[in-house]
Q: 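Once you've had a glance at the structure underneath, I'll fire off some questions.
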Protein chains: 2
Amino acid sequence: MGVTKSEIFTKEQNDLSRIAKVLGHPARIAILQHLIKINACVCGELVKEIGLAQPTISQHLRELKGIGLIQGTVSGTSVCYCINKEQWKETAQLMALFFSSFSPSEKCCDKDSKC
Amino acid sequence: MGVTKSEIFTKEQNDLSRIAKVLGHPARIAILQHLIKINACVCGELVKEIGLAQPTISQHLRELKGIGLIQGTVSGTSVCYCINKEQWKETAQLMALFFSSFSPSEKCCDKDSKC
DNA sequence: TTTATTTATCGTAATATTGCAATTAACAAA
DNA sequence: TTTGTTAATTGCAATATTACGATAAATAAA
């Protein structure tokens with residue numbers, strides 16, 4: 001049915017997967033990496049930098065804005081985008097917390113272990 | 001057109017987004033969290049634990065296996081799943097590296113900064 | 001062998017995503 | 001005002017994802 005059953009999951013699971021989903025496209029990773037590399041604002045250069053049409057970039061920017069990872073400031077006819085420091089930190093911590101929740105133990109799917 | 005233009009992005013961007021995409025569904029986060037919580041193998045319990053049909057869970061498990069985050073061991077008629085330690089560590093490092101690539105600087109989209 | 005159990009696969013419907021051309025909106029400069 | 005520039009929005013086509021019923025495959029138990 002193409003529709004995710006969000007209601008049967010916890011807020012944490014939905015929050016984390018929402019962030020991951022937005023990061024789940026190479027163009028959006030590329031946009032973030034470019035904003036980081038330039039270390040300041042970028043306007044329409046992203047369209048040239050990434051090889052996608054302007055409406056497509058605009059759409060990806062909106063999704064990144066949707067989870068707060070970037071922010072845009074209007075400056076004349078152009079818009080400056082940059083990383084949102086606070087949200088970046090929060091998101092990084094959320095991810096780090098998730099990955100650190102697993103600590104390897106010996107008994108797992110080994111040949112003699114019973115399930 | 002619904003198809004991602006992977007060829008215009010770097011391997012790093014494609015790898016990272018591929019992982020994020022798989023993590024971008026609450027059911028797959030829930031599966032991982034349950035495997036972590038049980039700290040050992042789980043077989044068909046996942047179907048009861050998560051509220052989705054058996055073919056749906058099987059499909060999600062296949063995607064998680066696809067990026068190596070979990071592994072399955074056949075045991076009689078059932079299959080034991082657990083976290084793949086090595087891949088988990090590697091994935092965690094890849095994510096951590098990405099998030100640590102941004103270090104906040106002062107000049108960014110502030111009212112007086114020129115783009 | 002027959003039956004039961006468990007998981008993977010197939011097929012399909014509903015919905016979501018990706019990408020772009022065309023257009024609109026907003027502003028700056030003549 | 002008119003013209004040009006930049007970015008967002010709209011509309012649409014192609015493809016992907018999600019979910020599940022039905023079925024198949026594999027093994028265990030009777």
Side-chain angles (χ1 to χ4, degrees), chain A residues 1-9 13-14 17-31 35 41-67 70-82 109 114-115, chain B residues 1-9 13-14 17-31 35 41-67 70-82 109 114-115:
Chain A
M1 300 139 185
V3 62
T4 299
K5 288 188 163 180
S6 310
E7 67 277 7
I8 67 172
F9 301 105
Q13 287 159 353
N14 281 308
S17 63
R18 169 116 193 280
I19 290 166
K21 193 174 189 177
V22 172
L23 295 177
H25 193 292
R28 295 193 283 267
I29 296 291
I31 288 172
L35 291 179
C41 309
V42 176
C43 316
E45 308 167 23
L46 284 166
V47 175
K48 297 172 204 159
E49 194 66 28
I50 322 263
L52 293 171
Q54 181 267 321
T56 308
I57 295 292
S58 191
Q59 206 171 331
H60 285 306
L61 287 169
R62 185 169 51 183
E63 296 203 57
L64 288 168
K65 263 191 291 183
I67 57 169
I70 66 171
Q71 61 190 122
T73 307
V74 177
S75 167
T77 59
S78 57
V79 179
C80 292
Y81 285 101
C82 66
C109 286
K114 274 290 179 190
C115 292
Chain B
M1 302 146 181
V3 63
T4 299
K5 288 187 162 181
S6 310
E7 67 278 7
I8 66 171
F9 300 105
Q13 288 160 353
N14 281 309
S17 63
R18 167 116 195 280
I19 289 166
K21 192 173 190 178
V22 172
L23 295 178
H25 193 293
R28 295 193 284 264
I29 296 290
I31 288 172
L35 290 180
C41 307
V42 176
C43 314
E45 307 169 24
L46 284 166
V47 176
K48 298 172 204 160
E49 193 66 27
I50 323 262
L52 292 172
Q54 182 267 321
T56 308
I57 295 292
S58 189
Q59 208 169 330
H60 284 307
L61 287 169
R62 185 170 51 182
E63 297 204 54
L64 288 167
K65 261 191 294 185
I67 57 169
I70 66 171
Q71 60 190 119
T73 306
V74 177
S75 167
T77 59
S78 57
V79 179
C80 291
Y81 283 101
C82 66
C109 286
K114 273 290 177 192
C115 291

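The chains referred to below are lettered A, B, ... by the order of the sequence lines, with proteins before strands, and numbering in each begins at 1.
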Q: Please give, in whole Å, the distance from D:dT18 C1' to B:L64 CG?
A: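 Taking CG of B:L64 and C1' of D:dT18, I get 14 Å after rounding.
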Q: Treat primed atoms plus P, OP1 and OP2 as sugar-phosphate and everything else as base, then score nucleotides 22-30 of chain C 5' to 3': B for base contact with protein heavy atoms under 4.0 Å, S for sugar-phosphate contact only, - for none.
A: B----B---
Q: Just the rounded figure in Å: distance from P of D:dA19 to CG of B:L61.
A: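 Rounded to the whole Å, the gap is 13 Å.
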Q: Can any side-chain N or O of B:S58 pair as donor or acceptor with the backbone N or O of B:Q54 at less than 3.5 Å?
A: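 The answer is no, because no donor-acceptor pair under 3.5 Å joins these two groups.
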Q: By nearest heavy atom, map A:L52 and B:K65 onto DNA chain C; which one lands nearer the 5' end?
A: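 Between the two, 5'-proximity favours B:K65.
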Q: Separation of A:R62 atom CZ from D:dT9 atom C1', in whole Å?
A: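 Whole-Å distance recorded here is 7 Å.
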Q: Once rounded to the nearest 0.5 Å, what's the spacing between atom NE2 of A:H60 and atom CD1 of A:I29?
A: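 Nearest 0.5 Å value for the NE2-CD1 distance: 11.5 Å.
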Q: Distance from B:S6 atom OG to B:R18 atom CZ, nearest 0.5 Å?
A: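 So the gap between those two atoms works out to 10.5 Å.
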Q: Under 4.0 Å between any heavy atoms, over every strand shown, what does B:I57 touch: base, sugar-phosphate, or nothing? Just pick one.
A: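 The residue B:I57 makes no contact with any strand.
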Q: Judged by atom type as modelled, is there a donor-acceptor pair below 3.5 Å linking the side chain of A:R28 to the main-chain atoms of A:V22?
A: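 Judged by distance alone, yes, a pair lies under 3.5 Å.
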Q: Rounded to whole angstroms, how far apart are CD1 on A:I70 and P on D:dA8?
A: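 Rounded to the whole Å, the gap is 9 Å.
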Q: Quick check for you: to the nearest 0.5 Å, what is the distance between A:I50 atom CD1 and B:Q13 atom CD?
A: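 Rounded to the nearest 0.5 Å, the CD1-CD separation comes to 7.0 Å.
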Q: In whole Å, I'd like the distance from the CG atom of A:L46 to the C1' atom of D:dT6.
A: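 Result: 13 Å.
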Q: Looking at C:dG19, I'd like to know if its phosphate oxygens (OP1 or OP2) sit under 4.0 Å from a side-chain N or O belonging to A:T56.
A: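 So the side chain of A:T56 is outside the cut-off, no N or O lying under 4.0 Å from OP1 or OP2 of C:dG19.
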Q: Name the orientation class of the two ring planes belonging to B:H25 and A:F9 (parallel below 30°, tilted from 30 to 60°, perpendicular beyond 60°).
A: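 Ring orientation, 0 to 90° scale: perpendicular.
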Q: Over how many whole Å does the gap from A:N14 atom CG to D:dT18 atom P extend?
A: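 Result: 13 Å.
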Q: Within residues 18-31 of chain B, which residues have any heavy atom lying less than 4.0 Å from an atom of DNA chain D?
A: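 The stretch gives B:K21, B:H25, B:R28 as the residues lying under 4.0 Å from the strand, ordered by number.
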Q: Working to the nearest 0.5 Å, report the span between CG of B:L64 and CD1 of B:I70.
A: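 Here the interatomic distance stands at 4.5 Å.
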Q: Nearest whole angstrom, please: distance from the P of C:dT5 to the CD of B:E45.
A: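 In whole Å, C:dT5 P and B:E45 CD are 17 Å from each other.
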Q: Which whole-number value in Å describes the distance from A:H60 NE2 to C:dT17 C1'?
A: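 Roughly 9 Å, once rounded to whole Å.
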Q: From A:I31 CD1 over to A:E49 CD, what is the distance, rounded to the nearest 0.5 angstrom?
A: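 One finds 11.0 Å between CD1 of A:I31 and CD of A:E49.
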Q: Starting the side chain at C-beta, find the nucleotide from D:dT18, C:dT18, D:dT15 nearest to B:E63.
A: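 Nearest listed nucleotide: D:dT18.
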Q: Are any of B:Y81's side-chain N or O atoms less than 4.0 Å away from OP1 or OP2 of C:dT6?
A: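 Checking C:dT6 against B:Y81, no side-chain N or O comes under 4.0 Å of OP1 or OP2.
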Q: Under 4.0 Å, heavy atoms only, any strand: does B:T4 hit a base, just the sugar-phosphate, or nothing?
A: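 Touches sugar-phosphate only.
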Q: Go through the steps for B:L61 and B:L46 under the test side-chain contact (heavy atoms from CB on, under 4.5 Å), then give the verdict.
A: CA-CA 10 Å; B:L61 287 169; B:L46 284 166; 4.0 Å; yes
